[in-house]
Number of protein chains: 2
Amino acid sequence: MNDPLHQAALQLRQHIDQFVALSDEEWQGLEPHLSIVHLKKNQFIATQGVVAGQVGFVLEGVFRQFYTKDGEERTTYFFFDQQLIAAYMSCITARPSPVNIEALSDATCLVFPYAVLKALFSQYAGWQEFGRLFAEYIMVALEERMAGLLMLSPEERYLALLEGDQRHLLQRVPQHYIATYLGITPVSMSRIRNRIIPK
Amino acid sequence: MNDPLHQAALQLRQHIDQFVALSDEEWQGLEPHLSIVHLKKNQFIATQGVVAGQVGFVLEGVFRQFYTKDGEERTTYFFFDQQLIAAYMSCITARPSPVNIEALSDATCLVFPYAVLKALFSQYAGWQEFGRLFAEYIMVALEERMAGLLMLSPEERYLALLEGDQRHLLQRVPQHYIATYLGITPVSMSRIRNRIIPK
DNA sequence: CCAAAACGATAACAAAAGATAAGAAGGAGT
DNA sequence: ACTCCTTCTTATCTTTTGTTATCGTTTTGG
């Protein structure tokens with residue numbers, strides 16, 4: 001019995017159960033394909049221009065997903081413990097990933113091939129439903145993110161971050177990454193902080 | 001036989017077939033619940049604060065989806081012929097819609113209750129798969145939209161619109177709606193146009 | 001057919017953000 | 001303990017965008 005792997009697998013199953021309750025048989029479709037990967041700080045688990053084929057589940061560590069353009073980086077998401085992580089657009093479309101995903105700390109992930117998940121979608125009703133619910137979940141998150149970028153000023157976005165579910169993010173991630181996450185420069189964010197805090 | 005309704009239903013089926021090939025039986029699960037709705041210009045089919053329950057399919061007309069905040073409007077999407085249309089986030093989450101959807105012209109839609117679709121999801125594998133693929137489709141579109149807002153300057157966003165799949169949009173929609181779609185003011189967009197066109 | 005409203009361009013000014021550079025503070029690794 | 005690198009702040013200058021208002025033009029509705 002591979003104990004740490006099994007332990008991790010249980011955590012993943014628990015996470016997936018928040019979307020759908022899988023039968024043991026359905027779960028057995030995935031479990032044999034799981035493995036554990038250790039990553040060092042600054043290591044990439046997805047690279048721009050490369051078709052992504054792996055899905056991960058963060059056991060420990062912090063990650064950022066970001067675009068680059070003309071040497072500039074814009075962070076689109078942060079990933080923490082107990083979260084599924086993947087260049088999901090690339091998996092779905094089977095096209096080269098537009099984004100990179102980088103570990104911001106030493107990290108441990110459970111990983112499995114997207115191809116396995118895709119096969120499970122067509123094989124088991126439970127997995128197919130998970131696929132829908134998971135996509136819907138991401139969709140809602142993206143909609144809210146887009147609405148924030150479209151509706152709020154940089155200052156309002158920073159305030160929203162301070163007061164939102166993601167508050168913990170500020171303690172665990174360098175500020176210049178957060179700045180690009182908010183669609184502004186680190187310098188500008190520093191000014192905003194200055195404008196806000198005194199009040 | 002209700003001919004115009006049946007004709008419209010065929011169009012919808014054809015559209016859905018682009019995601020999955022439904023069996024006749026699966027299709028029959030939806031068809032009886034379809035009806036046709038005529039809308040006048042400026043009429044709303046979804047309203048901020050109200051839980052959305054209907055899904056539509058545009059047979060004719062143009063729609064915009066927009067947020068309001070402090071009396072200001074920001075357009076998040078435009079809908080045209082042969083597209084599914086709904087305050088989908090609200091349907092999925094069963095929470096009050098954050099957005100309005102308004103007809104920009106007189107319009108005709110095929111409509112059905114989301115509850116029917118939801119029931120079909122759990123009843124038929126084909127519909128469940130459609131649910132996943134449709135959510136993934138929207139997800140990819142939202143990701144690209146978010147990336148545009150995060151990575152591109154207003155001018156680049158306008159250029160991207162000029163050269164993108166949505167080019168036709170410019171002919172069919174008033175410019176001040178497009179401006180808020182790009183996350184800028186109409187005045188600013190007018191300046192951008194001036195800066196661009198001479199070249 | 002006419003009056004009112006909507007639309008788009010433009011100008012002038014204010015506010016905000018970007019670019020760049022310099023410097024302080026803290027950590028990591030040797 | 002020391003150096004180097006990263007992170008963050010601050011200052012200056014420039015550019016862009018927002019705001020407000022005005023003015024033709026077009027569209028709409030009565």
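Here is the naming used below: chain letters follow the sequence lines, and residue numbers restart at 1 for every chain. Note that the structure is a prediction, hence the values are computed from the model and not measured.
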Between [X] and [N], is there a contact of a side-chain N or O with OP1 or OP2 at under 4.0 Å?
X        : N      : result
B:Lys41  : D:dT28 : yes
A:Ser188 : C:dG18 : yes
B:Thr185 : D:dT17 : no
A:Asn194 : D:dT10 : yes
A:Arg195 : C:dA17 : yes
B:Gln175 : C:dA9  : yes

Exercise for the section: Would you mind checking if B:Lys118 and A:Glu136 are paired as a salt bridge, meaning a charged N to carboxylate O distance below 4.0 Å? Expected result: no
Practice task
Tell me yes or no: between the side chains of B:Tyr158 and B:Arg193, is some donor less than 3.5 Å from an acceptor?
Solution key: yes
Starting at [atom1] of [X] and ending at [atom2] of [N], how long is that distance when rounded to a whole Å?
X        : N      : atom1 : atom2 : value
A:Arg191 : C:dA21 : CZ    : C1'   : 13 Å
B:Met189 : D:dT16 : CE    : P     : 18 Å
B:Ile192 : C:dT10 : CD1   : C1'   : 15 Å
A:Arg193 : C:dA17 : CZ    : P     : 15 Å
A:His176 : C:dT20 : NE2   : P     : 17 Å
A:Leu182 : C:dA16 : CG    : P     : 17 Å
A:Ile184 : C:dA19 : CD1   : P     : 12 Å
B:Glu72  : D:dG18 : CD    : P     : 10 Å

Exercise for the section: Report yes or no: is the cationic atom of A:Arg132 (NZ for Lys, CZ for Arg) under 6.0 Å from the centre of the six-membered ring of B:Phe134, at an angle within 45° of the ring normal? Expected result: no
Practice task
Using a 4.0 Å heavy-atom cut-off across all strands, classify A:Ser190 as base, sugar-phosphate, or nothing.
Solution key: base
Exercise for the section: Name the nucleic acid region contacted by B:Pro154, choosing base, sugar-phosphate or nothing; use a 4.0 angstrom heavy-atom cut-off, strictly under. Expected result: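 The residue B:Pro154 makes sugar-phosphate contact but no base contact.
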Exercise for the section: Kindly say whether the aromatic ring centers of A:Tyr177 and A:Phe78 come within a distance under 6.0 Å. Expected result: no
Handout entry: side chain to side chain contact (heavy atoms under 4.5 Å, CB included), paired with B:Glu102, selected from B:Lys41, B:Gln43, B:Arg64
Key = B:Arg64
Practice task
Find which nucleotide of DNA chain C each of B:Tyr177 and B:Val187 is nearest to by heavy atoms, and output the residue with the more 5' nucleotide.
Solution key: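 Between the two, 5'-proximity favours B:Tyr177.
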